[in-house]
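These numbers come from the heavy atoms of this one structure, side chains and all, not from hydrogens, waters or symmetry mates. Just so it is clear, the model here is predicted, and its values are computed rather than measured. Each chain gets a letter, A, B and so on, in the order its sequence line appears, and its residues count up from 1.
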Number of protein chains: 2
Amino acid sequence: MNPNVFDDPRITAVGLLFEVHAGLSARFAAQLDEHGLSAVEFEVLTRLSRSPGNQLRMTDLAAQTSLSTSGVTRVVDRMERDGLITRRACPSDRRSSYAVVTPAGLQRLDESLPGHLQLIEDWFTGQLDPAALNALLDGLRQVRDAVHPCATAGSSGATGATNSAVC
Amino acid sequence: MNPNVFDDPRITAVGLLFEVHAGLSARFAAQLDEHGLSAVEFEVLTRLSRSPGNQLRMTDLAAQTSLSTSGVTRVVDRMERDGLITRRACPSDRRSSYAVVTPAGLQRLDESLPGHLQLIEDWFTGQLDPAALNALLDGLRQVRDAVHPCATAGSSGATGATNSAVC
DNA sequence: CAGCAACTATAGCGGCGGCAATATTCCCCC
DNA sequence: GGGGGAATATTGCCGCCGCTATAGTTGCTG
C-alpha cells in the first residue's frame, strides 16, 4: 500500500466537501437546538411551509427529505406530540394522510429562520466574494445535476407527477 | 410568513451543497457496502492507514473522525471482531490504547479504494473541467478554513499538541 | 508523599432511523 | 363486479451513536 494514495487530489476534494458539510451541519444544529428543533425537524417544517396549504402527503414528505417513510412517520409523531404539525386525513385517498403545519409550527419556524439565514451568511456565502461564490455554486450545481437521486429515480414513471414537483 | 424566503439565495446555496453531499454519500455507501464496510469503518481504516505505524490512540482517532470517544470504542469493537483492526496497549501511558490496522484491514482497504476513487472521479471531480474544479475547490477551501472545528477548538489549549497533528 | 484535578477508555441508557412485515385502500383489467 | 397487484402508512425489530457515569491512570501541587 502506497501511503501517498491519500494525497490523491480526488480524496482531498471530497474531504474538503465533507468537512464543509460537517462544519456547517454542526453549527446549524447548535443554533436550531436553541429553538428546540433538530435538523430533520427543521427541514420537515421548511418543506411543509413552502408547500401549498402548508401540507404534504407523508410519502411526498419522505421523498423531499432524505428519510424513509417510516422515518417520516416517527418524526411526524414527535412533532405532532410537540404541537408543531398535525395529521389530516386525505379526502381523495383514504390510504394517504397529510402532515400539516400548525400555527405553532409556523411560529417556531419564524423564530429560527432569521438566525439560520444569518449563520449561512456568516459561515458560508459571506466567506467569498460574489464572483468566487458564483463559481462555487455553478460547480456544485453541475455536480448536483449529475449525482442527484431524481436522475436515477425513473424506474417507475407512475410517481412522476409528484416527483416533478420536487425536482 | 412570506413563502418567498425559501427562494433566498442563501437557502438554495446550502441546499445545493447538502444535496451534493447526500448524493455522494449514498453512492459511496453503496460501493463500500459491496466490500462489507460502512462509511465510518472506511474512514477509520483510512485514518489509521495514513498514520505512522498504522495506528492511532483511541482519542486521536475520535478527533480525526466525527465520532465521540464512545462511538470510536464501539466501531473499534466491531472492526476488531471482524479482524480488521486490533487494540494494542500503549507502553508510555497505561490509560491509552492504540487501534492498529491488521493485514486483513489493509487488504480490505486496498480492495475498496480503487472503486472509491473511481466513484469520486465519475460523480464529482470528473463532472467539471479543470478550471471549474479548481474554482470549486478554492471556494470550498476558503469556507472550510472558516468553519473548520479546529478553529473553534481552542477552548482548552492543553490538547493543542494532538490537534496540531490533525490540522 | 498525599490529595486532587485532568485525562483515557468503557458501559449503561436512551433516541433516532432503516428494513421488513402488516393492514388498509386503490386501481386496473378481465 | 370482482380479483390481483400496487401504493400508503404504520409498527416491530435492530443497529448505530451521543451523553453521562464510572473506573483506572497520570501529573501537579502543596
Side-chain angles (χ1 to χ4, degrees), chain A residues 22 25-26 29-30 32-33 36-44 55-82 85-100 153 155-163, chain B residues 22 25-26 29-30 32-33 36-44 55-63 65-82 85-100 149 153 155-163:
Chain A
S25 293
L32 291 174
D33 188 61
L37 290 175
S38 72
V40 281
E41 290 166 351
F42 177 76
E43 187 175 6
V44 165
Q55 61 183 0
L56 229 39
R57 287 170 49 239
M58 299 292 280
T59 302
D60 297 334
L61 186 52
Q64 293 195 21
T65 59
S66 55
L67 261 58
S68 66
T69 60
S70 64
V72 167
T73 292
R74 295 178 209 284
V75 75
V76 168
D77 281 345
R78 296 196 297 271
M79 296 176 74
E80 190 170 30
R81 175 172 48 75
D82 295 349
I85 62 185
T86 313
R87 282 179 170 85
R88 186 198 311 270
C90 174
S92 63
D93 188 340
R94 290 164 62 188
R95 294 172 302 179
S96 303
S97 59
Y98 285 108
V100 37
S155 55
S156 75
T159 60
T162 56
N163 273 345
Chain B
S25 293
L32 290 174
D33 188 62
L37 290 175
S38 71
V40 281
E41 289 166 352
F42 178 76
E43 187 176 7
V44 164
Q55 62 182 2
L56 229 39
R57 288 170 50 239
M58 300 291 279
T59 302
D60 296 335
L61 186 53
T65 60
S66 55
L67 287 171
S68 67
T69 60
S70 64
V72 167
T73 292
R74 294 175 208 284
V75 76
V76 168
D77 282 344
R78 296 196 298 270
M79 297 176 73
E80 190 170 33
R81 175 172 49 74
D82 296 348
I85 62 186
T86 313
R87 281 179 170 85
R88 187 198 309 270
C90 174
S92 64
D93 188 340
R94 289 163 61 188
R95 293 172 301 181
S96 303
S97 60
Y98 284 108
V100 36
S155 56
S156 75
T159 59
T162 55
N163 274 345

* Base D/dC16 to side chain B/S38, donor-acceptor N/O within 3.5 Å cut-off -> no
* Is the count of non-hydrogen atoms from other residues, nucleotides or ligands lying under 6.0 Å from A/R87 atom CZ greater than 12? -> yes
* Have a look at A/V40 and say if it touches a base, only the backbone sugar-phosphate, or nothing, with a 4.0 Å heavy-atom cut-off. => sugar-phosphate
* Rounded to the nearest Å, what distance is computed from the CG atom of residue B/L56 to the C1' atom of nucleotide C/dA9? -> 15 Å
* To do: Give the rounded distance in Å between these two atoms: CE of A/M79 and P of C/dG17.
  => 11 Å
* Structure fact -> Nearest heavy-atom approach of B/A99 to B/L61 is CB-CD2, 4.4 Å
* **Student check: side-chain heavy atoms of A/R78 and A/I85 closer than 4.5 Å** => no
* Of all heavy-atom pairs between B/E41 and B/G36, which one has the smallest distance, and what is that distance? -> OE1-O, 3.9 Å
* Structure fact -> In whole angstroms, the gap separating P of D/dC16 from CZ of B/R78 amounts to 4 Å
* Asked: To the nearest angstrom, how far is B/D77 atom CG from C/dA9 atom C1'?
  -> 11 Å
* Asked: In whole angstrom, what separates B/R57's CZ from C/dA9's C1'?
  -> 11 Å
* Asked: Under 4.0 Å between a side-chain N/O of A/R74 and OP1 or OP2 of D/dT10, yes or no?
  -> no
* To do: Please state how far atom CG in A/D33 lies from atom C1' in D/dC19, giving the value in whole angstrom units.
  => 13 Å
* Asked: For A/Y98 and A/A89, which heavy atoms make the closest approach, and how far apart are they?
  -> CD1-O, 4.4 Å
* With a 4.0 Å cut-off on heavy atoms, is B/S66 in touch with a base, just the backbone sugar-phosphate, or nothing at all? -> sugar-phosphate
* Asked: Does some side-chain heavy atom of A/V75 sit less than 4.5 Å from a side-chain heavy atom of A/T65?
  -> no
* Interatomic distance, B/D82 CG vs D/dG15 P [rounded to whole Å] -> 13 Å
* Asked: Would you say the base of C/dC7 and the side-chain of B/T59 have a donor-acceptor pair closer than 3.5 Å?
  -> no
* Asked: In residues 88-100 of chain B, which ones come under 4.0 Å of DNA chain D, going by heavy atoms?
  -> B/D93, B/R94, B/R95
* To do: For A/L61 and C/dG17, give me the distance from atom CG to atom P, rounded to whole Å.
  => 12 Å
* Flag the pair A/M58 / A/T69 as yes when at least one side-chain heavy-atom distance between them is below 4.5 Å, and no otherwise. => no
